[in-house]
Amino acid sequence: MSGDHGHGDSQVNSGSKASDSHKHKDKHKDKEHRHKDHRKDKEREKFKHSNSEHKDHSEKKHRDKEKLKHGDGSSDKHREKHKEKDKDKEKRREEKIKSSHVDKPKKEKENGYVRDISPAAIKIEPEEDNGFSHSPQHNKTSKREYHDEEFENKPKKVKTEHDKKAKKRKHEYEEDEEDEDIKPKKKTKDKKVAEGKKSKKEEEEKWKWWEEERYTDGSKWRFLEHKGPVFAPMYEPLPDKVKFYYDGKPMKLSAPAEEVATFFAKMLDHEYTTKDIFRKNFYKDWRKEMTSEEKSKITDLNKCNFSDMSEYFKAQSEARKQMSKEEKQKIKEENERLLQEYGFCIMDNHKERIGNFRIEPPGLFRGRGDHPKMGMLKRRIRPEDIIINCSKDSKHPKPPPGTKWKEVRHDNKVTWLASWTENIQGSIKYIMLNPSSRIKGEKDWQKYETARRLKKCVDRIRNQYREDWKSKEMRIRQRAVALYFIDKLALRAGNEKEEGETADTVGCCSLRVEHIKLYPKMDDQEYVVEFDFLGKDSIRYYNKIPVEKRVFKNLQLFLENKQPEDDLFDRLNTSILNKHLQELMDGLTAKVFRTYNASITLQQQLKELSCSDDSIPAKILSYNRANRAVAILCNHQRAPPKTFEKSMQNLQTKIDEKQNQLSAARKQLKAAKADHKASHDDKSKKAVEVKRKAVQRIEEQLMKLQVQATDREENKQIALGTSKLNYLDPRISVAWCKKWGVPIEKIYNKTQREKFAWAIDMAEKDYEF
DNA sequence: GAACTAACTTAGCAAACATTGA
DNA sequence: TCAATGTTTGCTAAGTTAGTTC
């Protein structure tokens with residue numbers, strides 16, 4: 001790592017950048033922190049960024065402000081954009097995907113696949129195509145041609161590893177013929193057929209896709225069959241006794257207007273129904289649903305009284321809670337039935353769980369943070385809005401009677417089963433598979449392999465960006481400083497966003513001047529940067545960190561002549577950054593740093609914290625601490641649980657009791673000592689010992705409680721789940737469990753074990769990320 | 001190369017469910 | 001047994017990224 005000495009690179013000319021980057025973001029009006037409560041500043045302090053690799057170096061003094069040449073002209077990041085998700089686009093796409101139109105399923109059977117088919121039956125399902133392993137060679141089915149093209153920017157590493165296994169697998173094929181499916185544990189296939197549902201499930205779950213070859217042609221599947229989505233239940237008008245009042249008088253609303261009104265009524269207890277934007281948006285959209293009569297009558301939202309409706313819904317949900325066991329059971333069974341019928345698909349010979357097979361019901365949109373569209377009506381999705389994706393030769397899902405799908409297409413370059421365009425942002429929503437599915441698992445695995453490749457070249461990349469801090473070109477310096485933040489602080493890339501369309505949040509590349517403060521000196525530290533901005537989901541990121549002098553100086557330079565609302569990195573955006581990263585390493589993007597730093601931190605922390613003579617609970621505590629370190633790094637916060645204070649109080653009571661116990665015990669010990677002093681006999685000596693032990697024991701218990709309290713307190717606003725699920729290479733955890741004899745169930749619950757089945761199966765105790 | 005779009009991952013919240021303990 | 005408390009799951013918003021179009 002460079003010693004960072006001065007440098008001479010200064011080419012003058014700085015004046016312009018600010019003016020360059022004039023953009024007006026009228027957003028700043030409310031400086032108010034809509035920030036989630038002042039979370040975690042404390043925690044942050046506690047967990048000083050541990051990335052030892054990049055400890056700040058004290059630089060040799062110096063340098064007057066460098067002035068740099070700007071690499072290029074344009075810097076304005078225009079925000080004006082047109083929304084208009086419209087037919088044109090649709091058309092374009094349609095053409096592109098030469099979608100074959102709604103082919104009526106030839107056989108017109110009423111159920112696409114039968115609920116109780118055994119795996120064996122499933123295998124036969126795609127008629128022309130059974131016994132295929134999902135490797136392309138075996139495929140004879142597909143109606144499309146699959147060219148071996150892309151996919152090749154995929155991690156070599158993955159491939160190798162994969163190939164290794166795949167090869168191994170191949171031998172097995174050779175030896176015992178086909179059986180692309182499960183390594184038969186003990187059952188033969190024929191037996192499977194005979195066996196019941198349960199074992200079928202077991203078998204399905206055990207499918208080790210990770211031992212098979214992957215597609216290399218960019219296709220995601222060869223065969224896909226499903227039943228389509230489940231729609232939201234139709235609106236049921238309110239009973240007549242439930243009234244809506246306008247201006248104090250009861251008023252019967254038309255069904256459409258009433259439905260939208262109920263959405264509002266259901267949210268009445270939420271604070272946001274008091275917010276101006278929410279009310280305004282709601283009111284506007286509500287009016288669209290009203291009859292002209294209603295429109296003319298209802299002219300002021302403030303005169304609307306929804307409380308009767310609100311009470312009704314509360315009573316309903318209360319009644320639901322009070323339902324008898326049988327009734328509850330019935331509902332449960334119905335849900336189970338739906339799940340069985342619609343919750344699975346067949347993809348390439350395997351029955352796979354669908355992640356979200358229910359269409360989102362209509363309601364009022366509530367974005368996160370200060371969202372300009374909060375309160376808008378999220379409209380009901382009908383079959384006519386849905387695009388179905390499945391294979392041509394599958395039994396196509398049937399739309400509900402009397403309706404049609406918008407389109408049925410057969411695109412195996414994508415993983416989704418159905419999609420629709422949502423009306424708030426005009427974005428597309430998808431129905432996709434569950435994380436336990438092959439298609440998601442492979443991708444996940446690959447993600448961690450990419451991060452591991454980064455591990456191998458991260459030093460080089462760090463050296464490179466440190467060099468780039470000295471570049472003559474502004475854009476390069478900005479890129480290098482941004483990358484440093486992304487690496488050191490695990491910031492997100494930070495795409496530009498359309499103003500007024502979403503909450504005002506930023507990531508690294510979109511940081512604005514107002515989001516950082518520079519302190520040449522703060523307490524006993526030099527070159528401190530203070531970050532304060534709203535990130536994804538409007539979660540506040542607040543952090544003060546000392547940076548290397550050169551970074552600091554660069555930041556000062558970037559800030560020159562800029563307004564608070566100007567971009568800090570006016571010569572940079574995520575696209576530029578990612579293109580650069582791609583050059584540094586195949587498959588490298590900004591988010592890989594997050595994955596890499598999260599995983600490597602977990603591994604390091606586990607190494608540091610784990611202790612062989614710890615009890616299992618103590619080990620788990622260590623694990624959670626390591627996990628927490630990552631969550632803090634990634635700024636994964638949560639609202640303190642509603643019951644937090646109370647549960648803390650309870651704990652505190654216990655602690656207090658323990659403390660009383662302790663002081664009582666101490667008194668007794670003291671007394672015993674005095675007694676012994678007086679009598680000097682054996683008996684009193686023993687008594688002293690006994691009391692001493694008691695004190696000790698209580699002290700320990702007290703300490704445990706206090707640790708628990710600390711632990712809980714520390715976790716108050718930190719969410720461990722997100723990192724566990726998305727950033728931490730599960731093999732690290734699996735290996736750790738194996739190494740320290742901790743049952744995997746203590747670390748991963750059932751769902752998580754399903755998602756990480758591949759890791760659980762393949763990682764040994766010596767696995768190194 | 002900016003703008004736009006599709007596809008997919010990441011995220012926190014709250015309802016549902018499970019467990020604990022009075 | 002029931003309420004309190006803790007955990008899991010479902011939901012869907014909000015990101016990132018790559019690809020396409022203009």
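The chains referred to below are lettered A, B, ... by the order of the sequence lines, with proteins before strands, and numbering in each begins at 1. Everything numeric in this text was worked out from a predicted model, so none of it was measured.
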Between A:H270 and A:F278, does the ring centre distance come in under 6.0 Å?
no
Please check if the number of heavy atoms outside A:K328 that lie under 6.0 Å from its NZ is greater than 12.
yes
Would you please confirm or rule out a distance under 4.0 Å between OP1 or OP2 of C:dA18 and any side-chain N or O of A:T589?
no
What does A:T502 touch in the nucleic acid at a heavy-atom separation under 4.0 angstrom: a base, only the sugar-phosphate, or nothing?
nothing
So does A:R594 get a side-chain nitrogen or oxygen closer than 4.0 Å to the phosphate oxygens (OP1/OP2) of B:dA11?
yes
Base, sugar-phosphate, or nothing for A:R753, non-hydrogen atoms under 4.0 angstrom?
nothing
Indicate, with a heavy-atom threshold strictly under 4.0 Å, whether A:T415 touches base, sugar-phosphate, or nothing.
sugar-phosphate
In whole angstrom, what separates A:K443's NZ from C:dA18's C1'?
10 Å
Base, sugar-phosphate alone, or nothing: which one does A:P361 contact when heavy atoms must sit under 4.0 Å apart?
sugar-phosphate
Roughly how many Å is it from CG in A:L588 to C1' in C:dA18, rounded to a whole number?
15 Å
Can a salt bridge be assigned to the pair A:E442 and A:R214 using a cut-off of 4.0 Å between side-chain N and carboxylate O?
no
For the residue pair A:Y342 and A:F357, is the inter-centroid distance of their aromatic rings smaller than 6.0 Å?
no
Heavy atoms only, 4.0 Å cut-off, all strands: where does A:N495 land among base, sugar-phosphate and nothing?
base
Assess whether one donor atom and one acceptor atom, taken from the side chain of A:K591 and the base of B:dT10, lie less than 3.5 Å apart.
no
Pairwise 5' ranking along DNA chain C for A:R358 and A:K536, keeping only the more 5' one:
A:R358
Detail all sub-3.5 Å separations between protein N/O atoms and N/O atoms belonging to nucleotides 5-8 of chain C.
{"residue": "C:dT5", "atom": "OP1", "partner": "A:N650", "partner atom": "ND2", "Å": "2.6"}
{"residue": "C:dT5", "atom": "OP2", "partner": "A:K646", "partner atom": "NZ", "Å": "3.4"}
{"residue": "C:dG6", "atom": "OP1", "partner": "A:R712", "partner atom": "NH1", "Å": "3.2"}

So that I can tick it off, tell me whether A:E449 and A:R452 are bridged by a salt bridge, with the cut-off set at under 4.0 angstrom between side-chain N and carboxylate O.
yes
Could you tell me whether A:E333 atom CD has more than 12 heavy atoms of other residues or ligands within 6.0 Å of it?
yes
Quick one: label A:R492 by what it contacts on the DNA or RNA (base, sugar-phosphate, nothing), any heavy atom closer than 4.0 Å.
sugar-phosphate
For the residue pair A:Y430 and A:W416, categorise the inter-ring angle as parallel (less than 30°), tilted (30 to 60°) or perpendicular (more than 60°).
tilted
Using whole Å, what does the distance between atom C1' of nucleotide B:dT10 and atom CG of A:L720 come to?
16 Å
Heavy atoms under 4.0 Å, any strand shown: does A:G355 hit a base, just sugar-phosphate, or nothing?
nothing
Let me know the distance between CZ of A:R368 and C1' of C:dG15, rounded to the nearest Å.
11 Å
Assign A:A503 to base, sugar-phosphate, or nothing according to its heavy-atom contacts below 4.0 angstrom with the strands shown.
nothing
Can you tell me how far P of C:dT20 sits from CG of A:D411, to the nearest Å?
12 Å
May I ask you to say what A:Y430 touches in the nucleic acid, namely base, sugar-phosphate or nothing, with a heavy-atom cut-off under 4.0 Å?
base
Please classify the nucleic acid contact of A:G535 as base, sugar-phosphate, or nothing, using heavy-atom distances under 4.0 Å.
sugar-phosphate
Give a yes/no answer on whether the side chain of A:N578 brings an N or O atom under 4.0 Å of OP1 or OP2 in C:dT17.
yes
Indicate whether OP1 or OP2 belonging to C:dA13 is found under 4.0 Å from a side-chain N or O atom of A:K378.
yes
